[in-house]
Amino acid sequence: MTHTTTDEGTALLLEPSALPARTRLLKTLLRSRELSVAIVLLIVVAAAAIKSPDFVVSSDGWRDLLLTPTILLLLAAGQTVVIITRNVDLSVGSILGLSAWLTGELFMAHPGLPPVLAFVIGSAAGAGLGLINGVVVAYGKVPALVITLGTQYIFRGIVLTWAGSSLISASQMPDRFLKLGTAQIFTIPVLFIIAMVIVVAVGYYLQTARSGRELYAVGSDPEAAVLYGLPVNRRVVGAFILSGALAGLAGVVFAARYGTVNSSAGTGIEFQAVAAAVVGGVAIFGGSGTAWGAAIGAGLLMTINSALPMVGISDFWQQALVGALIIAAIVLDRVLAARQARKLIEARDES
Amino acid sequence: GKADTGTSSDGESGGSGDKPLSIVFLPKNLGNPYFDASDAGGKKAVEALGGTFSEVGPQTASPDAQVQYINTAAQQHASAIVLSANDPKAVGSALTQAKSSGTKIVTFDSDTEAQYRDLFVNQASPEGIAKAQVDGLAEQIGDSGEIAILSASANATNQNAWIDLMKKDLQADHPDIKLVDTVYGNDDDQTSFDKTAALLKNHPNLKGIISPTTVGIAAAARYLSTSKSKGKVALTGLGTPNQMRKFVEDGTVTEFYLWNPTDLGTLAAYAAAALANGEITGKEGDKFTAGDLGDYTVGADNTVLLGDPTGFNKDNIGDFDF
Amino acid sequence: MLMDSPPQAALQLAGVSKNFGPVAALRSGSLTVQPGSIHALVGENGAGKSTLVKIVAGVHRRDGGDFFLDGQAVDFGSTAESKAAGIAVIYQEPTLFPDLSVTENIFMGRQILGRMRRIDKATMYREAGKLFQGLGVHIDPRRPALGLSIADQQIIEIAKAISLDAKVLIMDEPTAALSGVEVERLFTVARRLRDEGRALVFISHRFDEVFDLCDAVTVMRDGSYIGTRPIAETTVTEMVNLMVGREVADLFPKQDTDIGDVVLKVEGLQSAGVFHDVSFTVRRGEIVGLAGLVGAGRSEIARAVFGVDRYDSGTVSMSGTAVPARNPRAAIRSGMAFIPEDRRKQGLVTDASVAENIAGVIRRGLAKGGLLTKAQENRAVAPWAARLEVKTSSLDAPAKTMSGGNQQKVVIAKWLATKPDLLIIDEPTRGIDVGTKSEVHRLLSELAGQGLAILMISSELPEVLGMADRVLVVSEGRLTADLTREQATPETVMHAATASSGSQEMAR
Amino acid sequence: MSERTYPSYTHPLWRRLLIGREAGVIALLVIIWLYGYSNIPYFGDTLTLTYILVDMTTVLLIALPMTLVIVTGEIDLSVASVVGLSSAVLGLLVQHGVGMPLACLTALVTGVICGVVNGFLVAYVGLPSLAVTIGTLALYRGIAVGLLGTTAVTDFPANWTELTSRVLGSSGIPTFMMVFVVLAAIFIALLHFSPFGRGIYDIGLSPEAAEFTGVNVQRTKMILFVLTGTLSALAGIFYTLRFGSARGDNATGLELQVIAAVLLGGVSIFGGRGKLPGVIAGVLLIGALSSALRLEGVTVNVINIIIGLLLVLSVLSTSLLAWVSDIRGSRARRHRVQRPTPTPSSVSSQ
Ligand SMILES: Nc1ncnc2c1ncn2[C@@H]1O[C@H](COP(=O)(O)OP(=O)(O)OP(=O)(O)O)[C@@H](O)[C@H]1O
Ligand SMILES: Nc1ncnc2c1ncn2[C@@H]1O[C@H](COP(=O)(O)OP(=O)(O)OP(=O)(O)O)[C@@H](O)[C@H]1O
Ligand SMILES: [Mg+2]
Ligand SMILES: [Mg+2]
């Protein structure tokens, strides 16, 4: 089996070890979906900045550019982990709402509560709800789509019951906490830093931990995962717990950022989270994709929303553009995957 | 009439006296402190009259969800529905049906088309509301420069009416002020917040924002208070004192306006009761008493007017709690 | 439990049974493997070998019987437990994660950890490289598993099992897709493991391999243990007799028939990476056998002919009329019938009823005014079920509750109901018990006698040799021989089947 | 060969009708109706019936083709956006003075086009429908909102808007239900009494086997997505006329209601299982339950929780039953396994 690397593309697929380490890394990076989405994101930002430099240059513009996607960033990273296992979590919007309300109630009851503790409690509450989703999906052997659709109704119903028609406003939460909503370190908002640290950690975990890699295996072929002796149910439950925890955290971030919470916080955001993951290169049927890609996807979706009016497109058309973007992303994925599969099969003729 | 052949048909429409008074308050959506205040006023009034009060409403401010609650109230043969409409037309056929089964319809805060209701309780004359906000802002920004409007939903009747009047006022009395943009926050806190951010970015020379909606002005104030535009971009509009107190005190907002929503709810409840027990029919010139608020007369277009809006500022905001 | 027999068996199963609903996959399976030995497990398709393996692996839980490991009674509820107990299994069907690299596939769940319990990729790639070197193959450790040939997939499975460092290594037909050289390398590794004192179980349908490699052999038939012999004390004939339970000649009741006009004509069929320049014909009354190793591409050729798969170039025609590509409906209209190899996934809608399955293709013709009722279906299918003597309690029983042989009869009934001119049948008797097997053979023979053209793909050499009027041999996607009934012997067929591409032109 | 005869059915008709999720849903519907009739004031009014039916008409219409799509194992999340888009198109045309018949027709054609786009991407490009329709959910809604901007078109002729609230005599049944009844009959014939319908089940149970049997999987899926698009557009026209208001954001979030109702009606999200009568009962169950709860003064939050629980439990019921019988089975097996066995040495010496 002598293999002369004629076609560079196939070489990267079939004989990556034959390439020098640096070339390999570079080529993998250049072909990665993360990079292409990031480039689109940069183009969007640049286009908006040319029209209106304030979009990036002014201190508020810069802060909002980073702050606006923060919540979706967290949700998309959590959603990625679930989608990688070939499931989906439609209840994240309701979990966010519950956690945001919980945060408000906590501060009303204990105004002296350290903000850190609010983040911990919010995430823990989200993790608990994620645990419910995960256990029912994994051990009930029922499709995640249906279960999380059901729990979406249930969790939202709980927030509604709890919150009723009231609203927790900024004046009812301590300033220490609300300041976090806009606090900056070296001009970078604290909430954004928190979200980025978490996204990077989740991405790193998925790449370098055994259990992280097992999530990919479970989604790539669930039956094979059982034959391998992988703890499939535990991994699925774990994925839902992580997604729930991040949604819970996003709820606390929501409370800090917007300063006002009512029972409808986070309504409908679950589709955006799924869309961000899909745009960021996460395959909807599991097995591939990164949390980083999803985060960039989230950044792109949210930034497009605020950039469109700058480039003169009425914001009524934003959603249409987002939809077109999602479809373009999955069509592109399919085309690339089909090309790769074909190359791999044809390469068998030559070997 | 046609559909009303059920078991509990009570014959006479209008329910004269002997039928217990039951009034359903149906705000645009739940979770809105403005409606909390008005419904509280309504509740007190209804209970004072010895009737049963109930407050129902959808989660989000959409007309289709409101229709279901109108239907339910009609099924229960409620004496009257007191409604703030999410769409002037979309709730129309449901209201017509409710009317035909004997329920009186009072709108408040946001009206429907006139044929669908018996009475509209107007918080303030649209002209008065528009003028208060425009003149207020003009004074704050020195009567010239770019301003923008942050409204609720694109279809909110009252908002659109006020915006039209504001435009006329601007043209007539403030030629140097330029309205550069109107954006819609859908009475959603997060959306309004993000729209404010976008407004400031898109219009670097913006000098003022008018937000004629309580959700919008609070969100905009919160954004402004943390941005470098605080104190440079003026903000006014319609808001509740409790929500705005903080921003008036920290200087983000100089003055904003509102009528007293509790009084509005009270007046609507008394009007509904008067209709239900046949005291008035809603035609121009009808008179009724609204408890402590005193006597009111139905004006043109079957409308009752509460009064002029109040301005809230550093000096008087401490006197209010709603 | 106290032991008195001196060398304690590494693995021992006795009287193990397993049912899948109404299907008794294993009635009474027994197997005793000593440490430091290689034990062959043989039996016909469907004898229950793989089921036995899956019980040892913890995939299935046994319904009854005893299971000891190193003398300890065990009962595995999951594959993780059996793995932890030191059992490594190479399953018959490769089970890889297509999205992951081959190295990750090998080490999944027990990756080598470096600093801070992070996965040490560099070491893993190195280890994988070493494993492949030991097996004498060239596979890049970094490439994805997607797109590997069946043979390469099997090698990954072997590498995975070897790297587990297990006390007991079970290999379910690991050589089915391998070439001679690769088989030899595997055997070297296997012998080394045996000499290290491990116990190995080797399943294969190739007797030469069994005699070459193993120390003892256990024969199974029809889900039951038949006997165990030291390899030195047995012969191929004895093994076959034990496996089949009767004289072999019984199995292939081939009638002589008159061979008529060309029905199917395939010319220059080509699909990149799968098969190349395939041309052949099948005539009325003729049974053409398509032989070759697993993964040679025979099924792919058949699927392309029938229009389920695409092809790049070439033509297919039925009785002189061209059949459009990638259109099974058109193929059916032209008179083709196709019984695919995977009965449960492709041949049947297992959750649907017997009646719905048999009526599957003809139902469009049954509808009156566009409407179709269950009654119409039942009326139409009953004669076909009767003709094939399908054993079922009622016509609305789901197909999944039936035995493999009966399922195959349902598939055949479904296609015979279309009154085809050509029947393509892929692995006609895979997983079918001996009795039904000869029934199927008799039926095929009878159908050919009535003038049906039959293209039969089979991995069982005796079946091909016994049934076919003509044998086509496929190797690596090319036709490497076209043999008459007289020319076809185990030697000529195997020779052509292992011919590597380009080394030999087709011997017409 | 001996002619065997086969009974057509294992179980008698009554048992076949009684087992299965459909029977459960229908029973639940009847129970709620009877309970409401005797215990909840005003529930017995014909007006209640009218309101339930009018409220659920859009869901009923879309649930018909949605059932077929889900039976093939796919899903269409874009339906509510198609409702919004067709509503926007209708409104825009009426605003520009186009006559109602032509405007309605154009709105329907819009739905067909939406369906073709979904169907093409799913069936012919082979993309997962979940991802595709999340994309078109945003796309179609975006176009709808983009087209109408801030305006709501309300000037529809009264004789058209009245159509949606007209009632059949004194029965309380809305006249428009006749259209639904005809459509339901067509869809039931299509799914349960036609070769095409059998193909739909085959695709859902085993797409590979269906392809081998000569079912045109791609074309079938295409047709089904076009049907969802078309009926969603019809629902959009109904919705617009009922509220007399065309808005781009009409029926936002309706897709989840439709899917919840379909799943509640016994359709498996994995495909291959489910019947239309069950689905229709499922939709009416949600309608009746919500109406009953509202009349009892239960608020929207509790209604949400109840519907969510119903959905989760109905899907779990099959698993729970299997689990219970599994526990029983494994207990029995453990008994067998632990029974005193011959020593290994005696076995190996056979
Ligand atoms: N999951 C299952 N469900 C139902 N029947 C099964 C299942 N697995 C195996 N069977 C049946 O059990 C019997 C034994 O199958 P098994 O795979 O053990 O045979 P085998 O000896 O390995 O055959 P081969 O040589 O073809 O691999 C067959 O009739 C098969 O159809
Ligand atoms: N899951 C798969 N992934 C990648 N390639 C595959 C896969 N299955 C089959 N192939 C490839 O397709 C070709 C034909 O395989 P296939 O097993 O169908 O051949 P076959 O001769 O019909 O063997 P069988 O005896 O199993 O029917 C081979 O090149 C094989 O490597
Ligand atoms: Mg086997
Ligand atoms: Mg094959």
Side-chain angles (χ1 to χ4, degrees), chain A residues 88 90-91 94 136 139-165 263 267-268 271-272 274-275 277-279 282-285 301 313-331 333-335 338, chain D residues 75 77-78 81 117-118 121 125-150 248 252-253 255-257 259-260 263-264 268-270 299-320 322-323:
Chain A
V88 68
L90 294 184
S91 71
S94 298
V136 176
Y139 293 95
K141 301 268 167 278
V142 280
L145 183 76
V146 187
I147 292 309
T148 56
L149 181 59
T151 52
Q152 179 195 345
Y153 277 97
I154 297 174
F155 297 161
R156 180 64 66 188
I158 294 173
V159 197
L160 280 165
T161 312
W162 192 7
S165 69
S263 56
T267 305
F271 281 138
Q272 284 191 54
V274 176
V278 168
V279 169
V282 180
I284 196 89
F285 282 143
L301 291 191
I313 302 175
S314 128
D315 63 347
F316 293 122
W317 288 99
Q318 283 169 18
Q319 214 180 352
L321 203 93
V322 168
L325 194 75
I326 296 169
I327 290 171
I330 49 181
V331 170
D333 260 354
R334 168 51 50 102
V335 170
Chain D
I75 197 162
L77 293 177
S78 72
S81 299
V117 172
N118 283 335
L121 290 172
V125 187
L127 299 171
S129 55
L130 184 63
V132 166
T133 55
I134 283 183
T136 49
L137 168 100
L139 179 66
Y140 299 156
R141 178 67 71 191
I143 298 175
V145 174
L147 281 179
L148 266 191
T150 63
T252 305
E255 67 279 345
L256 294 186
Q257 274 185 50
I259 289 164
L263 298 178
L264 189 62
S268 159
I269 192 84
F270 293 130
T299 44
V300 56
N301 44 347
V302 181
I303 297 178
N304 272 353
I305 296 179
I306 291 176
I307 291 176
L309 278 177
L310 210 60
L311 182 60
V312 170
L313 290 180
S314 77
V315 177
L316 267 180
S317 63
T318 358
S319 288
L320 285 177
W323 194 51

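Numbered from 1 within each chain, the chains take letters A, B, ... in sequence-line order. Note that this is a predicted model, so its numbers are computed, not measured.
- The two residues Leu301(A) and Gln272(A) make their nearest non-hydrogen contact at CD1-O, 3.9 Å.
- Proximity to chain A involves both the backbone and the side chain of Gln257(D), based on heavy atoms less than 4.5 angstrom apart.
- Each of Val142(A), Val136(A), Thr161(A) has some count of heavy-atom pairs under 4.5 Å with chain D, and the biggest count is that of Thr161(A).
- The most heavy-atom pairs under 4.5 Å with chain A, out of Leu77(D), Val312(D), Leu130(D), Leu137(D), come from Val312(D).
- Proximity to chain A involves both the backbone and the side chain of Leu309(D), based on heavy atoms less than 4.5 angstrom apart.
- Contacts between Val335(A) and chain D at a heavy-atom distance below 4.5 Å are absent for every atom of the residue.
- Most heavy-atom pairs under 4.5 Å with chain D, from the set Val278(A), Leu149(A), Val274(A): that is Leu149(A).
- With sequence neighbours left out, Val125(D) forms a side-chain contact (heavy atoms from CB on, under 4.5 Å) with Arg334(A), Phe120(D), Leu121(D), Leu127(D).
- For Leu145(A), the part lying near chain D is the side chain, with the backbone staying farther off; criterion is any non-hydrogen pair under 4.5 Å.
- Of the possible polar contacts, none joining the Ser263(A) side chain to the Leu160(A) backbone as a donor-acceptor pair under 3.5 Å is found.
- Using a 4.5 Å cut-off between heavy atoms, Leu310(D) does not touch chain A at all.
- Tyr153(A) approaches Asn304(D) most closely through the heavy-atom pair CB-O, 3.5 Å.
- The candidate with the highest count of non-hydrogen atom pairs below 4.5 Å against chain D, out of Val322(A), Val159(A), Val146(A), Val88(A), is Val146(A).
- In this structure, chain D has heavy atoms under 4.5 Å from both the backbone and the side chain of Ile158(A).
- Judged as a side chain to side chain donor-acceptor pair (under 3.5 Å), the pairs with a partner in residues 129-145 of chain D (not counting sequence neighbours) are, in order, Glu74(D)-Ser129(D), Asn118(D)-Thr136(D).
- Annotation: maximal heavy-atom pairing with chain D below 4.5 Å, among Ala275(A), Pro143(A), Ala328(A), occurs at Pro143(A).
- Most heavy-atom pairs under 4.5 Å with chain A, from the set Gly142(D), Ala131(D), Pro128(D): that is Gly142(D).
- For Ile284(A), the part lying under 4.5 angstrom from a heavy atom of chain D is the side chain only.
- At a 4.5 Å heavy-atom cutoff, the contact between Ile75(D) and chain A is made by side-chain atoms alone.
- Contacts of Ile326(A) with chain D are made by side-chain atoms alone, with heavy-atom separations under 4.5 Å and no backbone atom involved.
- Heavy atoms of Leu263(D) lying under 4.5 Å from chain A belong exclusively to its side chain.
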